[in-house]
Amino acid sequence: MPDVRVRFAPSPTGYLHVGGARTALFNWLFARHHGGTFILRIEDTDRTRSTEEAIGQIQESLRWLGLDWDEYYRQTERFERHLEVAELLRRKGVAYESEGALWFKVPVAGTTAVEDLILGRVEFANSEFKDFVILRSDRTPTYNFACVVDDHDMGVTHVIRGDEHMNNTPKQLWIYGALGWEPPAFAHIPLILGPDRTKLSKRHGAVSVLEYRRRGFLPEALVNFLARLGWSHGDQEIFTREELIRYFDLDGVRSSAAVFDEAKLLWLNHEWMKRCDLERLAGLLAEYILQEGVATEEEVEALGRDKLLRAAELLRERNKTLVDMAHAARFLFPGELSVPQEAEGLFKPELAGPLEAIASALEALDEFSPQAVEQCIRGKVAELGLKLKDVAQPIRVAVSGRTVGPSLFELLALAGKELVVTRLRSVSRRLGGE
RNA sequence: GUCCCCGUCGUCUAGCGGUCUAGGAUCCCGGUCUUUCAAGCCGGAGGCGGGGGUUCGAAUCCCCCCGGGGACACCA
């Protein structure tokens with residue numbers, strides 16, 4: 001398939017939502033798979049609803065997802081061309097002026113067939129359509145018209161777009177026909193639905209791509225997830241970007257709508273966090289710690305690179321998003337930790353002595369490695385005639401403020417001697433009746 | 001309402017006439033490991049919307065019904 005040219009053509013009336021992102025992804029993958037060109041075309045002909053801010057958000061979203069474009073256009077920059085073609089249509093007698101707008105004359109009889117790459121042949125009765133506006137009274141072009149002129153001029157070979165555009169296709173085909181232009185191939189991809197099985201929208205909660213970034217998802221996870229919504233390659237679930245490019249093609253795209261299942265996205269995000277380069281993950285962890293207000297920039301700085309790396313390595317094992325990781329990292333920084341309700345029962349008064357003894361033993365340690373800490377605590381526990389089980393959870397909660405987390409000794413080593421000793425003593429004193 | 005599309009476990013999907021007593025993933029529930037929780041491993045529950053055909057044989061092909069969605073703008 002030589003010279004594939006596809007485009008993603010969003011209207012800049014708001015943020016890029018995941019449905020649009022998937023359309024962009026499918027176009028991008030198709031272009032990259034075939035060694036073709038991916039065009040970003042901003043459809044801003046509706047000047048009252050389009051904003052510069054939305055354009056910026058769309059670009060930022062695409063960049064974050066790694067969907068780079070080879071060519072960039074704005075429809076408003078092509079108004080003269082649209083006007084020229086509209087005039088041509090009028091002269092040909094297939095368009096006429098009425099109420100200040102220019103209308104396209106729809107064929108009264110017969111049927112129009114769309115040969116869709118995904119849906120197959122779809123026929124429409126021409127009588128179902130009414131004449132439609134191609135040029136508004138303010139001389140700006142409408143979607144169906146500008147779309148045809150631009151796709152033709154830009155040499156678009158495949159129009160891959162959402163299913164909701166299926167009914168527009170006959171209109172566009174007529175315009176191509178009237179102009180004597182060769183239409184591109186069409187591929188209508190199924191919609192993404194919310195849990196209630198209606199078209200995914202704001203009322204379903206988070207739908208903006210940037211919102212997923214804010215919530216701590218990795219772009220590769222969202223890309224992987226979106227790719228698998230309506231497309232598959234055998235039983236494979238995890239795909240790297242390179243694999244998606246290698247395997248993606250239209251024949252793997254289904255024709256039925258798919259529900260956006262956040263539980264699966266979370267699973268994928270966890271998988272991708274586990275696969276993430278540690279240096280990068282540590283950097284991201286620092287960013288989210290700041291974003292979530294878990295610690296200040298100075299505190300993160302003071303923690304140091306090594307500990308941040310180690311924290312990322314340990315915390316990614318049991319957290320599904322970067323935001324969760326950031327909150328789980330709270331104990332690495334100075335300050336009071338709140339004790340979870342369900343953990344209050346762990347702190348029995350008779351633990352006051354043992355905890356103080358353990359704190360003192362740990363304080364005497366020269367090296368605060370996981371191994372050293374483990375040896376020290378196990379030794380002390382045996383000496384006190386206790387079992388590790390008796391103190392493990394109390395220590396964990398005292399130091400981390402949580403009942404769940406990394407291996408206790410790893411956790412203590414990561415927190416560092418100072419925080420560990422301080423927090424153990426604080427709890428011990430409290431239990432001692434002070 | 002009209003037109004168009006769709007219909008395999010709750011969800012994402014494999015399946016493209018026999019290899020399907022329907023496979024994988026997620027979610028859920030057990031077990032295992034263990035200082036906790038995850039992860040991992042083992043096991044379990046859970047589906048071809050219904051009815052007619054065609055065929056030796058249908059999840060796969062055809063028809064009808066039902067169900068769901070989308071579109072019906074001087075928005076895209």
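Chain letters run A, B, ... following the sequence lines, proteins first and then strands; every chain starts at 1. Any value given below was found using the heavy atoms of this structure, including those in side chains, with hydrogens, waters and symmetry copies removed.
The side chain of A/Leu119 has B/rC6 as its nearest neighbour among B/rG23, B/rC6, B/rA76. For A/Glu271, the listed nucleotide lying nearest its side chain is B/rG40; candidates were B/rU35, B/rG40, B/rU11. The side chain of A/Thr198 has B/rG69 as its nearest neighbour among B/rA38, B/rG69, B/rU35. Nearest to the side chain of A/Ser232, among B/rU35, B/rG40, B/rA14, sits B/rA14. Comparing B/rA25, B/rU13, B/rU36 by their closest approach to the side chain of A/Lys389 singles out B/rU36. In this structure, of B/rU26, B/rA38, B/rC12, it is B/rA38 that holds the atom nearest to the side chain of A/Arg318. For A/Leu388, whose side chain is taken as the heavy atoms from C-beta onward, the closest listed nucleotide among B/rU35, B/rG24, B/rA76 is B/rU35. Considering only the side chain of A/Ser11, B/rA76 comes nearest among B/rC74, B/rA76, B/rC4. Checking B/rA14, B/rA76, B/rC6 against the side-chain heavy atoms of A/Ser256 singles out B/rC6 as nearest. Closest to the A/Asn167 side chain, of the nucleotides B/rC37, B/rA76, B/rA71, is B/rA71.
Taking atom CZ of residue A/Arg161 and atom C1' of nucleotide B/rC5, one finds them 14 Å apart after rounding to whole Å. Here the C1' atom of nucleotide B/rG40 and the NE2 atom of A/His270 are 12 Å apart, to the nearest Å. If you take CD of A/Gln236 and P of B/rU13, they are 15 Å apart, rounded to a whole angstrom. In this structure, CZ of A/Phe132 is placed 13 Å from P of B/rA76, rounded to the nearest angstrom. At whole-Å resolution of the value, CD in A/Glu410 and P in B/rU34 are 17 Å apart. Between the CZ atom of A/Phe129 and the P atom of B/rC4 there is a distance of 9 Å, rounded to whole Å. For the pair A/Lys387 NZ and B/rU35 C1', the computed distance is 13 Å after rounding to whole Å.
If A/Pro10 and A/Met166 are placed on RNA chain B by their nearest nucleotide, the residue sitting closer to the 5' end is A/Met166. Residues A/Lys274 and A/Asp138 each lie close to RNA chain B; by heavy-atom proximity, the contact nearer the 5' end of the strand is made by A/Lys274.
A 6.0 Å sphere centred on CD of A/Glu344 holds more than 12 heavy atoms belonging to other residues, nucleotides or ligands. Residue A/Lys274 places its NZ atom among more than 12 non-hydrogen atoms of other residues, nucleotides or ligands, all under 6.0 Å distant.
Contact annotation: A/Lys130 does not reach the phosphate of B/rC74 (side-chain N/O to OP1 or OP2, under 4.0 Å). Within the structure, every side-chain polar atom (N or O) of A/Arg228 is placed at least 4.0 Å from both OP1 and OP2 of B/rU26. Taking 4.0 angstrom as the limit, A/Arg316 places none of its side-chain polar atoms (N or O) nearer than this to OP1 or OP2 of B/rA38. For the OP1/OP2 pair of B/rA71 and a distance below 4.0 Å, the side-chain nitrogens and oxygens of A/Lys199 include at least one atom meeting the criterion.
Aromatic ring pairs are classed by plane angle as parallel below 30°, tilted from 30° to 60° and perpendicular above 60°; the pair A/Phe129 and A/Trp174 is perpendicular. Between A/Tyr176 and A/Phe186, the ring-plane angle classifies as perpendicular under the 30° and 60° cut-offs. Classification of the A/Tyr72-A/Trp69 ring pair by plane angle, with boundaries at 30° and 60°, yields tilted.
A distance of about 11 Å separates the P atoms of B/rA58 and B/rU19, rounded to the whole Å. Rounded to whole Å, the separation between the P atoms of B/rC61 and B/rC16 comes to 11 Å. Comparing the P positions of B/rG50 and B/rG67 gives a spacing of 15 Å, expressed to the nearest Å. Annotation: B/rU34 and B/rU8 have their C1' atoms spaced 39 Å apart (nearest Å). Taking atom P in both B/rG15 and B/rG7, one finds a spacing of 13 Å when rounded to whole Å. B/rC12 and B/rC27 are spaced 11 Å apart, taking the C1' atom of each and rounding to whole Å. Nucleotides B/rC4 and B/rG23 are separated by 33 Å at their C1' atoms, to the nearest Å. Rounded to whole Å, the C1' atom of B/rG40 lies 28 Å from the corresponding atom of B/rG47.
Side-chain atoms of A/Glu237 come within donor-acceptor range of the base of B/rG24, with a qualifying N/O pair under 3.5 Å. In terms of polar N and O atoms assigned as donor or acceptor, the side chain of A/Ser407 comes within less than 3.5 Å of the base of B/rU35 in a complementary pairing. At a cut-off of 3.5 angstrom, the base of B/rA76 holds at least one donor-acceptor pair with the side chain of A/Asn168. A donor-acceptor contact under 3.5 Å links the side chain of A/Ser137 to the base of B/rC74. Not a single donor-acceptor pair, N or O on each side, falls under 3.5 Å between the base of B/rG70 and the side chain of A/Asp163.
A 3.5 Å limit on both hydrogen-bonding distances identifies B/rG31 as the Watson-Crick or G-U partner of B/rC41. For B/rC16, there is no paired nucleotide, since no Watson-Crick or G-U wobble pair has both relevant distances below 3.5 Å.
At a threshold of 4.0 angstrom between heavy atoms, the contacts of A/Lys171 with the nucleic acid are absent. As judged by a 4.0 angstrom heavy-atom cut-off over every strand, A/Leu191 is placed among residues touching the sugar-phosphate backbone only. Nucleic acid contact class of A/Arg49 (heavy atoms, under 4.0 Å, all strands): base. Within 4.0 Å (heavy atoms only), A/Pro195 reaches no atom of the nucleic acid at all. At the heavy-atom level, A/Thr45 lies under 4.0 Å from the strands shown only through sugar-phosphate atoms. A/Glu123 comes within 4.0 angstrom of sugar-phosphate atoms only, judged by non-hydrogen atoms across all strands, and of no base. Nucleic acid contact class of A/Arg402 (heavy atoms, under 4.0 Å, all strands): none. Across all strands, A/Phe409 comes closer than 4.0 Å to base atoms (heavy-atom distances). Using a 4.0 Å heavy-atom criterion, one finds that A/His165 contacts the bases of the nucleic acid, with or without backbone contacts as well.
A donor-acceptor pair under 3.5 Å links the side-chain atoms of A/Lys105 to the main chain of A/Gly93, judged by distance alone.
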Please tabulate, one pair per line, all N/O donor-acceptor pairs under 3.5 Å involving side-chain atoms of residues 348-356 of chain A, not counting sequence neighbours.
unit_1	atom_1	unit_2	atom_2	d
A/Glu356	OE1	A/Arg425	NE	3.0
A/Glu356	OE2	A/Ser360	OG	2.8
A/Glu356	OE2	A/Arg425	NE	3.3

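Salt-bridge formation is not detected for the pair A/Glu363/A/Lys380: no Lys NZ or Arg NE/NH1/NH2 atom is positioned less than 4.0 Å from an Asp or Glu carboxylate oxygen.
Taking the six-membered ring for Trp, A/Phe30 and A/His158 have ring centres closer than 6.0 Å.
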